[in-house]
Chemist: 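Supplied in structure tokens, the structure appears directly below.
For the numbers below, each heavy atom of this structure counts, side chains included, while hydrogens, waters and symmetry mates do not.
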Amino acid sequence: MILTFCATASQPQVYRWKDENGNWVFSDVPRAGSEKISLNKPLSMPTTDTSILKPKKVNKAVQYELKISSPGHQQTLRENTGTVYVSGQVKPVFSKGLTVQLSLNGQLVSDKQTNTTFALHNLERGEHHLVMYLFDEHGTRIATSPQSTFYLHKTSRINP
């Protein structure tokens, strides 16, 4: 008799009701209009993974990091033609839709492009400052590199 009582006491309650489409719905939680069902034998149901029912997490916006890798910061270049090749690096990986633009001494010197390599021509000798800008597919600036300074030396007319 004690075993029968324990089995009955541990048996979960089951309720049922009809949904708006006329289908029977069974639950262990009562709701308005539901009726309690008596079970003849213990209820045994396999567990089901319901994690797919949880709302998906919204991906955080990717935080891009942009830097000028060449010429190196504070580097001195000797180039009589005034041609300097600039390259940059984007982390995480440069993805589709992103564009980059280069600024030299506070002035934009390139159109937006899909790679981080630039060629500058006919630069004057002296100190120059570079900054790269990264844009998303909508043209919104999403990252700016730290300013990089380089020094361009050319052969002097005074001292060939």
Chemist: Determine whether a donor-acceptor pair (N or O, by modelled atom type, separation under 3.5 Å) exists between the side chain of Lys154 and the backbone of Leu123.
Modeler: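 Yes; judged by distance alone, with no hydrogens or angles, the pair exists.
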Chemist: Just checking, is any N or O donor in the side chain of His128 or Asn105 under 3.5 Å from an acceptor N or O on the other one?
Modeler: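 There is such a pair between these side chains.
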Chemist: What heavy-atom pair brings Phe150 and Leu77 nearest, and what distance separates the two atoms?
Modeler: CD1-CD1, 3.8 Å
Chemist: Does Arg125 use its side chain to pair, donor to acceptor, with the backbone of Thr155 at less than 3.5 Å?
Modeler: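 The answer is yes, because a donor-acceptor pair under 3.5 Å joins these two groups.
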Chemist: Considering all heavy atoms of both residues, which atom of Val90 and which atom of Thr116 are nearest to each other, and what is their separation?
Modeler: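 Between these two residues, the closest heavy atoms are CG2-CG2, 3.9 Å.
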Chemist: Do Leu130 and Leu104 have side-chain heavy atoms sitting under 4.5 Å apart?
Modeler: yes
Chemist: Does the side chain of His153 come within less than 4.5 Å of Asn80's, by heavy atoms?
Modeler: no
Chemist: Could you tell me which non-hydrogen atom of Gln101 sits nearest to which non-hydrogen atom of Ser110, and how far apart they are?
Modeler: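 Taking every non-hydrogen atom into account, NE2-O, 2.9 Å.
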Chemist: According to the side-chain hydrogen bond (donor to acceptor under 3.5 Å, both in side chains) rule, which pairs have a member within residues 26-37, sequence neighbours left out?
Modeler: Gln13-Lys36
Chemist: Are Tyr64 and Val100 connected into the same hydrophobic cluster when the rule is that any two of I, L, V, M, F, W, Y join if their side-chain heavy atoms are below 4.5 Å apart?
Modeler: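 In one cluster: yes.
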Chemist: Could you state the interatomic distance from NZ (Lys67) to OG (Ser148), rounded to the nearest 0.5 Å?
Modeler: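 Atom-to-atom, Lys67:NZ and Ser148:OG are 10.5 Å apart.
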Chemist: Are any non-hydrogen side-chain atoms of Glu127 and Thr149 less than 4.5 angstrom apart?
Modeler: yes
Chemist: To the closest 0.5 Å, what do you measure between CG (Leu152) and CD (Gln75)?
Modeler: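 Those atoms lie 11.0 Å apart.
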Chemist: Any side-chain heavy-atom pair from Phe118 and Gln113 closer than 4.5 angstrom?
Modeler: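 Yes. Closest side-chain heavy atoms under 4.5 Å.
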Chemist: Are more than 12 heavy atoms from other residues, nucleotides or ligands located less than 6.0 Å from atom CD of Gln74?
Modeler: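 Buried by this count: over 12 neighbours within 6.0 Å.
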